[in-house]
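Report on one structure; see the data block that follows.
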Amino acid sequence: YAMLAYTIYGITEFLSNQTAYQRIYATNSTKTAKFSLIVTGVLTVLWGILAPVAGMAIRALNPDLIPDEALSWFLGSRTSSVICMAFLACVMMATMSTADSCLNSLSVNVSFDIYKNMLNPKADDKKLLNAGRIVSLLFGLISMYWALQGGSLVNFFNYSVKWMF
């Protein structure tokens with residue numbers, strides 16, 4: 001059941017990543033769309049193989065690890081501090097990029113699709129901008145609250161620091 005759950009999670013996680021599909025839908029040629037679909041499919045399969053293989057290799061190195069600490073333990077104890085910090089910086093950059101893209105998409109969708117189309121069809125650009133700002137602020141605060149409740153990213157950084165020092 002665990003493999004089925006991970007497969008479903010992986011597929012839905014990847015399908016929610018708008019960056020991969022944005023290039024396919026925004027293309028102006030069939031050749032580029034076909035190439036993008038093939039590359040996206042290959043990368044999806046490779047990522048689906050890489051993550052469990054890396055996890056099994058780390059588990060073989062230290063079978064007593066708590067699963068949530070595996071990657072952090074590997075980076076902190078088996079790589080240099082520079083590589084570990086660079087990886088942590090990349091994780092933070094990817095997280096911030098994803099978060100701001102999600103907030104931007106959410107504010108645009110809510111302000112246009114809900115506010116303008118359903119609540120206030122005569123809203124001008126200034127009102128739409130303010131609605132988008134309110135939505136961004138509201139969901140940004142909710143997201144910060146959830147993250148500070150012990151989300152996996154916070155734990156990842158805690159585990160990394162624990163194993164480095």
Heavy atoms, side chains only, cut-off 4.5 Å: are [X] and [Y] in contact?
{"X": "Lys127", "Y": "Asp125", "answer": "no"}
{"X": "Leu128", "Y": "Lys116", "answer": "yes"}
{"X": "Asn62", "Y": "Phe74", "answer": "no"}

For this session: Quick one: pull up CD1 in Ile58 and CZ in Arg78 and give me the separation to the nearest 0.5 Å.
Result: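 Here the interatomic distance stands at 10.0 Å.
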Exercise. Rounded to the nearest 0.5 Å, how far does CD1 of Ile142 lie from CG of Leu137?
Worked result: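 Here the rounded value is 9.5 Å.
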Give the cluster check for [X] versus [Y]: same hydrophobic cluster or not, with ILVMFWY residues linked at side-chain heavy-atom distances below 4.5 Å.
{"X": "Ile49", "Y": "Val42", "value": "no"}
{"X": "Leu75", "Y": "Leu61", "value": "yes"}
{"X": "Phe112", "Y": "Tyr115", "value": "yes"}
{"X": "Ile83", "Y": "Met93", "value": "no"}
{"X": "Leu119", "Y": "Ile134", "value": "no"}

Exercise. Which pair of heavy atoms, one from Ser136 and one from Ser107, lies closest together, and at what distance?
Worked result: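 The answer is OG-CB, 3.2 Å.
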Excluding sequence neighbours, so at least two apart, what forms side chain to side chain contact (heavy atoms under 4.5 Å, CB included) with [X]?
{"X": "Leu106", "result": "Val110, Val135, Phe139"}
{"X": "Phe35", "result": "Val39"}
{"X": "Asp100", "result": "none"}

